[in-house]
2 protein chains.
Amino acid sequence: MVTIKDVARVAGVSTATVSRVVHDGGQVGDACRARVKKVITELGYRPNSNARALVSKSSETIGVVTPKLSMTFFGCLAAGAETTARAKNFKLLMSNSLYETQSELDAIYSLREHSCDAIVLHSEYSDEETLIKLAKDIPGLVIINRFIPQLANRCVWLDNEAGARKITEYLLSHGHKDIAVVTSIYANNDPATRLNGVTKALAEAGLELAKHNIESATANMRGGEDAVKALLEKGCKFTALIAYNDLMAVGAMNALQDAGIDVPGEVSVVGFDNLYVSKACRPNLTTMEYPIEEMASYAANLAIELSQGGNQTATKTHLFVPSLVERQSVALARST
Amino acid sequence: MVTIKDVARVAGVSTATVSRVVHDGGQVGDACRARVKKVITELGYRPNSNARALVSKSSETIGVVTPKLSMTFFGCLAAGAETTARAKNFKLLMSNSLYETQSELDAIYSLREHSCDAIVLHSEYSDEETLIKLAKDIPGLVIINRFIPQLANRCVWLDNEAGARKITEYLLSHGHKDIAVVTSIYANNDPATRLNGVTKALAEAGLELAKHNIESATANMRGGEDAVKALLEKGCKFTALIAYNDLMAVGAMNALQDAGIDVPGEVSVVGFDNLYVSKACRPNLTTMEYPIEEMASYAANLAIELSQGGNQTATKTHLFVPSLVERQSVALARST
DNA sequence: TTGAAAGCGCTAACAC
DNA sequence: GTGTTAGCGCTTTCAA
């Protein structure tokens, strides 16, 4: 490994001068700078970032903590953060939290040990108090996909209720009145919030969402299938179905089709997230776009700014609003 | 930030002793060790890994370089590496190469600056020579999804030809004789290798793969659609279609169905990779499993071992073989 | 068993 | 404009 000393020796200058050249400080004579630069390329010198981080207490590293990288949603999140990291010349440290409070915290501490002071955290299990305490310690900590009032300016989140409301209104505008909902038993607030949006939109249209029209299951394809089967077995009648997310929606469509029910001919189906699958399934799924990649990129930027002492406007919030993506899984309700 | 000095001071010992306790070295008296441990927890001391890496020249960090994290395939790759990292208590440094030679190299050098000596690289554009030179410099460099003879013991790869062969034979065993192929213009060797497998399997059955039964396009859903349209327009007749990967297969199925052709009733379709989409599409896709997560986890292990001077058996290769996943997109060929 | 001290590669005063 | 120097937090001889 070639160090700054090697460069200094070969170029016949002090390490301080080399350091200045590396950092493009203006305080170096032209001839000297040229010589040093030449030596740097000749020797292939690259500053050791551990040493740099050690002395400067900042590592130009951004950490991302998500539950599970293999899920498309989190892959996109990571990709968004990576875009920012690349643009700012930061390194990206990834950690899976595996949906556990303790590993969430472990991951964060491990990041800290690396002098990684910009952190984007997707937390589901830690309670608000823990997070608030953590945020106090770590100026560059940003929470993604969750809103904590006391941390308003550190949360990058999505208006789930507005999204659910919007897609419900869309269904309403297509003449649907008998609407079933497949929600999830997912740990965070999202299911409740989205359900809330649906209920409100329905209420405003003078409709009530009957309890027995709601079925809940795990937030994946299988869950969607199971929920629809349960709905069908109960003898539930509906012309449209709102699923918690795309995965459940796809499962639901499959179950519907397996039961000989045409989608969207007899039943319209909508999802949430706009994952890749929504373009792969038949019919293509109408859904709400969850701009997670963009949000993550934004969050990473915010985390970096905060870690550098910028963007201290405590009152500013970072709320994203999902948008409707019309595809083929919704049709006009058949007049009854 | 609480440092080793703080702990030493509070515990009334030297930093060397604290270091020994942290490392579980046996050379510390019981009473002393207990006291130090107590102080460590009380103060919440965590060793700074930059300092540690600086002095020990090893950072317990594994780097992963892939083209694009937002693609499911690479997300799974990252997840596999993460599993190993977690198990070995390593950190995971991610870098996107964006499909470019230069950024591939940049990413690797940047990893090196971090004293990250175990690296898993998914390289597509760099030539073998560059890679061989790199591998010489970096003992812990492992190449994934590519085979370079001179680096046999450092490559973790998949037998694409065997996979293609296997799935072709599967189609053959279902009575298909008129087979079309949708291949891709992807940059690496995989398309050619898979095509090769198909051709060979067909040849062994006394069948020839006619040029005009092959169509090539970009390796995504859209490409699959386009290719099928082209095939259909040419008036190509086939009862089975082999797609380069799952994404193209799904696109192909959609195009087929849009053209009023029943899948698998009239045309059977198979893919490659076994991505999540293959369970989302209708009919569910029969495909070859590409165990990328497992492979990445394996590769990460190998990289760590190599970086620590182990596993020097230069003759050992690391070849994975894909397995058939039967779903619903293949039917018996209709007797003609 | 424990401590003192040197030094990893780099940056940032401070001096000249 | 350039060099000297003192650390950053930690590990690791070498002595005691």
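Below, chain A is the first sequence line, B the second, and so on; all start at residue 1. Please read all numbers here as calculations on a predicted model, not as lab measurements.
For the pair Leu54(A) CG and dA12(C) C1', the interatomic distance rounds to 14 Å; values are reported in whole Å. Put simply, NE2 on His23(B) is 11 Å from C1' on dG9(D), counting in whole angstrom units. We find that OH of Tyr45(B) is positioned 10 Å from C1' of dT11(D), with the value rounded to whole Å. The distance between atom CG of Asn50(A) and atom P of dC10(D), rounded to the nearest whole Å, is 13 Å. Across the protein-nucleic acid pair, Arg20(A) atom CZ and dC10(C) atom P stand 15 Å apart, rounded to whole Å. The distance between atom CD of Glu113(A) and atom C1' of dG9(D), rounded to the nearest whole Å, is 13 Å. Atom pair Ile4(B):CD1 and dA5(C):C1' shows a separation of 14 Å (rounding to whole Å applied). Rounded to an integer number of Å, the gap from CZ of Arg9(A) to P of dG9(C) is 12 Å.
Nucleic acid contact for Val22(B): none, since no nucleic acid atom lies under 4.0 Å from a heavy atom of the residue. Among the atoms of the strands shown, only primed sugar atoms or phosphate atoms (P, OP1, OP2) are found under 4.0 Å from some heavy atom of Thr3(A). Residue contacts shown for Val18(B) are absent, as no nucleic acid heavy atom lies under 4.0 Å away.
The shortest distance between the side-chain N/O atoms of Arg52(A) and the OP1/OP2 oxygens of dT11(C) is below 4.0 Å. Close to dC8(D), at under 4.0 Å from its OP1 or OP2, lies a side-chain N or O of Lys5(B).
Checking dT2(D), dA12(C), dC10(C) against the side-chain heavy atoms of Val28(A) singles out dT2(D) as nearest. Of all nucleotides listed (dT11(D), dG9(D), dG3(D)), dG3(D) comes nearest to the side chain of Ser14(A). Among the nucleotides dT2(D), dC10(C), dC8(D), the one closest to any side-chain atom of Cys32(A) is dT2(D). Of the candidate nucleotides dT2(D), dT12(D), dA12(C), dT2(D) has the atom nearest to the side chain of Thr17(A). Here the side chain of Ser19(A) is nearest to one of dG3(C), dT11(C), dG3(D), namely dT11(C). Comparing atom distances between the Asn48(A) side chain and each of dT2(D), dT2(C), dC10(C) picks out dC10(C) as nearest.
Looking only at side-chain heavy atoms (C-beta outward), Thr15(A) and Thr3(A) stay at 4.5 Å or farther from each other.
Of the N and O atoms on the side chains of Ser103(B) and Ser97(B), not one donor lies less than 3.5 Å from an acceptor on the other residue. A donor-acceptor contact under 3.5 angstrom links the side chains of Ser123(A) and Glu104(A), judged on distance only.
Side-chain atoms of Glu82(B) do not come within 3.5 Å of backbone N or O of Leu69(A) as any donor-acceptor pair. Arg154(B) places a side-chain N or O within donor-acceptor distance of the main-chain N or O of Leu141(B), the cut-off being under 3.5 Å. In this structure, Ser59(B) contributes its side chain and Ser115(B) its backbone to a donor-acceptor pair below 3.5 Å.
Mapping Thr15(B) and Lys57(B) onto DNA chain C by nearest heavy atom places Thr15(B) at the nucleotide closer to the 5' end. The residue among Val55(B) and Val13(B) whose nearest nucleotide of DNA chain C is located toward the 5' end is Val13(B).
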